[in-house]
Amino acid sequence: MKILVVGKGGREHALIHTLSLSPSKPEIFSFPGSDAIFRIAKPTTATDLPSLIAWMKANGIDLCIAGEDSYLVTGEGLANLCAASGIPCWGPPKESAQLEASKEFAKDFLIRNLIPTAAASACESLQEAVAAITGNYPTVLKFDGLAAGKGVAVCADEKSALDFLNEVFTEKRFGPGRLLVEECLVGPEVSIFAAIVDDDYMILTPARDYKRLGDGDAGPNTGGMGAVASRKLISSELLATIDESIVAPTVSALRKEGLPYRGFLYFGLMLTPDGPKVIEYNCRFGDPECQAVMPLLSGDLAAFCLAGAKGVLKNELISFSDDWSVCVILASHSYPESSRSGDAISGLDETGAQVFHSGTKLVGTEWQTNGGRVLACVATGPERASTVAAAHAAADRISFPGLQRRRDIGILHFPESKSHAPESVKLTLTPDDIAAGIAKLAESIRAANPDGPIALVGIRSRGDEVAERLLTLLSNDDRELNFGVLDISLYRDDFEHLHSNPKLQESDIPFEVDGAHIILVDDVLFTGRTIRAALDALSDYGRPAKVQLATLIDRGHRELPIHADYTGILLETSRLDHVVVLLEGTDGEDLVRVVSPPVP
C-alpha cells in the first residue's frame, strides 16, 4: 500500500509516525513534508496541487490523506481532484470543507440544522461589526476564512475589538473576507474527533487544547500551545449527550444537504451551563490535539483510512488506550505575531519522550527553528499527574533562543489548578477557627485600610454571613461602613470544575458604587471565575475606585486544596481593570487571603 500524506507540520508528523506503525506496513510519502517527516516518509517531486495529482497517478498512490486544511479548498480541492483521478482520499471535497473554510457557512449550517451553537451576525465592514457588537462585551470575532487558527479573537472590551477589526478590515491581515460577531459562550472547552464515512461515524478519543500563549490562558490566541487527550477526559454520559445533540445531527445534516464526507471531522465545543455547543468545525485532525491523540491509537490506521476513503468504516481496525496523553508545544521567538527561524535547537536526544516536529529544519547535523510552533513534546501514561510531569520534564530538556512554552498544560482547568502545593497542607475549619479567621480578617482590613469609608459586599451564599460578622467587628471604627450582597450562582461541569454566573436580580447593593472603596467578602475562594463573575456583577452598579477581596480559606474543603506556596493569579473581568490576587502569609496556617487590584 502506497500512502501520501499532505502537510508539513507537527500534526502530519504525528499522523505519519502512527501510519508507519500500521501492521499493513504502507510505503509513505509526504507533500510538501519537512526534514523531520522525511526521516520516516519519502518526498515527492511535486511543486503544487496539479503536479501532486499527476505525481500520485504516475506513482500508483493507493490513498491520499489530507493533513492540512488549506489543500482541501485550494483550486478545485484536493479530494475533488483525487476523485477525478480515481485516487481514494481521506478528506472531504471542497464543498464539504467549507465547514472549516468559511465560519459563516458553518454557522448557517449549524443554525439551519438546529445544532447547538452561539448566536452570531455576519458583517462586511468595520462599522457594521461595531454596530453588531452593540457594546456587549466580551464578544467573539471570527474572520470568515482560513487563518491558521489565528482568525478568532475573544475581545473583553471595545479597544481589543477595534484592534482586531482593524486587522481584519483595514490591514487585511487574513486577506479579503467577512467577519462574524458572535455571542461569547462560557465554560470549559473540549475537542471531539469523529471519523466519518457517509452515514457512519466513529468518535475517537476526546482532547482539549490550550489556545492562549501564556500560562493561565493569558496572552494572544495561537494555533495551540499544548493539548491533553484521554477517554477519561469527559464522562460517558457527557459523551453520549455530545453524540446525540451534535455529532449524529451533523452527520445526518451533511447527508441531507448533499455534502459528502469521508475523513476526520473536528468538533470544537464549549461546555456551557445550557449544555455543549459547537464553537467551530475543522475538516481534519486538530493541531496540537493530533499529537496528543495519535500516541493513544493502536491497530492499523493505514488500513482504516483506506477502507474509509473507499466507503467502508471498519471500526475494528483501530482502538484507543485508556491512558492519558499530554502534549507541550515549544514555540519560537515572537510567536504568534511572527516567528523566527534559524535558532539552534539543543536537547532533542535527551527528552526520553516522543517529540514531533512542527516547524524545524535540518542544517547539516543541527536542527534549527523554522516556524512559529517548533516542537511538540508528548508523554503518555495511566495517570494524568505523572504524565503531565513527564511531558513537562521532556520539554525542560530542550532549549533554543527565544523559546516560548506554557507550564500549565495538563494542569490548568483540572481540579488541582486551584492550588499549587501538596495535599498534605490541609486545614479543616472548626467554628473557633472561623471566628479566629474572621477576627484576623478584620485586623488585616484595618491594617490595609486605616481610614476612610469602606463597603463590605458579601458573595452569597455564606460570604454574606462572613461580611455581616466583619461589619460587626468593624462597627466601632471611626469610619463610614456600607454593606451589600452579590448573588453568584455556581454550577459544576463534567470536568468537576466550578463556574459562575451573576444573578443580579437577587443581589442587593443599597449604596453608590461609583468611586467607592469596596471589599468583596467570601468564605472560600473557589476559582478565579467566581471573582470574575462577582466583579462583572458589581460593575453593573457602577465603577468603584478600589476593590479588594477578603476570604477565608478552608484547606480541607474538597474543591479547594490550597497550597502554602501559592503566590498569586492574574484575572480579567470584562468591565473592570485587571485584578491582581495576592496571598498574605505562606506558612500553611493562615486563614486569610487578601486581594488588592492596582488602583487606576
- Message: Run the side chain to side chain donor-acceptor pair (under 3.5 Å) test against E68 and tell me which residues pass, sequence neighbours left out.
- Response: K8
- Query: Do D274 and T272 meet the criterion of a side-chain donor-acceptor pair at a distance under 3.5 Å?
  - Reply: no
- side-chain hydrogen bond (donor to acceptor under 3.5 Å, both in side chains) between E183 and N136: does it pass, once the steps are laid out? CA-CA 9 Å; E183 168 195 10; N136 290 324; over 6 Å; no
- What is the minimum heavy-atom distance between A129 and L179, and which atoms define it? CB-CD2, 4.1 Å
- Message: Working note: R406 + D217, criterion salt bridge (charged side-chain N to carboxylate O under 4.0 Å, His left out); need CA distance, chi angles, decisive distance, verdict.
- Response: CA-CA 9 Å; R406 287 182 60 159; D217 284 340; 3.0 Å; yes
- Message: Ignoring hydrogens and geometry beyond distance, is a side-chain donor-acceptor pair present between T250 and Y281 at under 3.5 Å?
- Response: yes
- Message: Just by distance, no angles: are the side chains of Y201 and N315 close enough, under 3.5 Å, to form a donor-acceptor pair?
- Response: no
- Taking all non-hydrogen atoms of both residues into account, name the closest pair between P260 and P92 and its distance. O-CB, 4.4 Å
- Message: Can you confirm whether more than 12 heavy atoms, excluding those of K232, are under 6.0 Å from its NZ atom?
- Response: yes
- So, for A307 and K314, which heavy atoms are closest and what is the spacing to 0.1 Å? CB-CD, 3.9 Å
- Query: Rounded to the nearest 0.5 Å, how far does CG of L63 lie from NZ of K310?
  - Reply: 9.0 Å
- Within the side chain of K142, is there an N or O that forms a donor-acceptor pair under 3.5 Å with the backbone of E182? no
- Message: Going by the rule side chain to side chain contact (heavy atoms under 4.5 Å, CB included), which residues pair with A379 if we only count those two or more places apart in sequence or in a different chain?
- Response: T387, A390, A391
- Message: Quick check: closest heavy atoms across P295 and T380, and the distance to 0.1 Å?
- Response: CB-CG2, 3.8 Å
- Query: Any side-chain donor-acceptor pair under 3.5 Å between D163 and S160?
  - Reply: no
- Task: Could you check D287 against R373 for salt bridge (charged side-chain N to carboxylate O under 4.0 Å, His left out), going step by step and ending with a plain yes or no?
- Result: CA-CA 10 Å; D287 184 343; R373 290 182 294 170; 3.5 Å; yes
- Query: What pair of heavy atoms forms the shortest contact from V6 to E12, and how long is it?
  - Reply: O-CG, 3.7 Å
- Pairing residues for H17 by the ring-ring contact (aromatic ring centres under 6.0 Å, His included) criterion, not counting sequence neighbours: F356
- N221 and P336: which non-hydrogen atoms are nearest, and at how many Å? O-CG, 3.5 Å
- With a distance cut-off below 6.0 Å to the six-membered ring centre and an angular limit of 45° from the axis, does R208 pair with Y210 as a cation-pi contact? yes
- Y71: ring-ring contact (aromatic ring centres under 6.0 Å, His included) partners, not counting sequence neighbours: F31
- Sequence neighbours excluded, which residues qualify as side chain to side chain donor-acceptor pair (under 3.5 Å) partners of D215? none
- So side-chain hydrogen bond (donor to acceptor under 3.5 Å, both in side chains) across residues 111-123, not counting sequence neighbours, yields K107-T117, R112-E257, N113-K256, N113-E257
- Item | M202 vs F304, side-chain contact (heavy atoms from CB on, under 4.5 Å): CA-CA, chis, key distance, verdict | CA-CA 11 Å; M202 174 186 185; F304 175 85; 4.0 Å; yes
- Message: Determine whether the aromatic ring centres of residues F193 and Y266 are separated by less than 6.0 angstrom.
- Response: yes
- Message: If you count every heavy atom of other residues, nucleotides or ligands that lies below 6.0 Å from E316 atom CD, does the total exceed 12?
- Response: yes
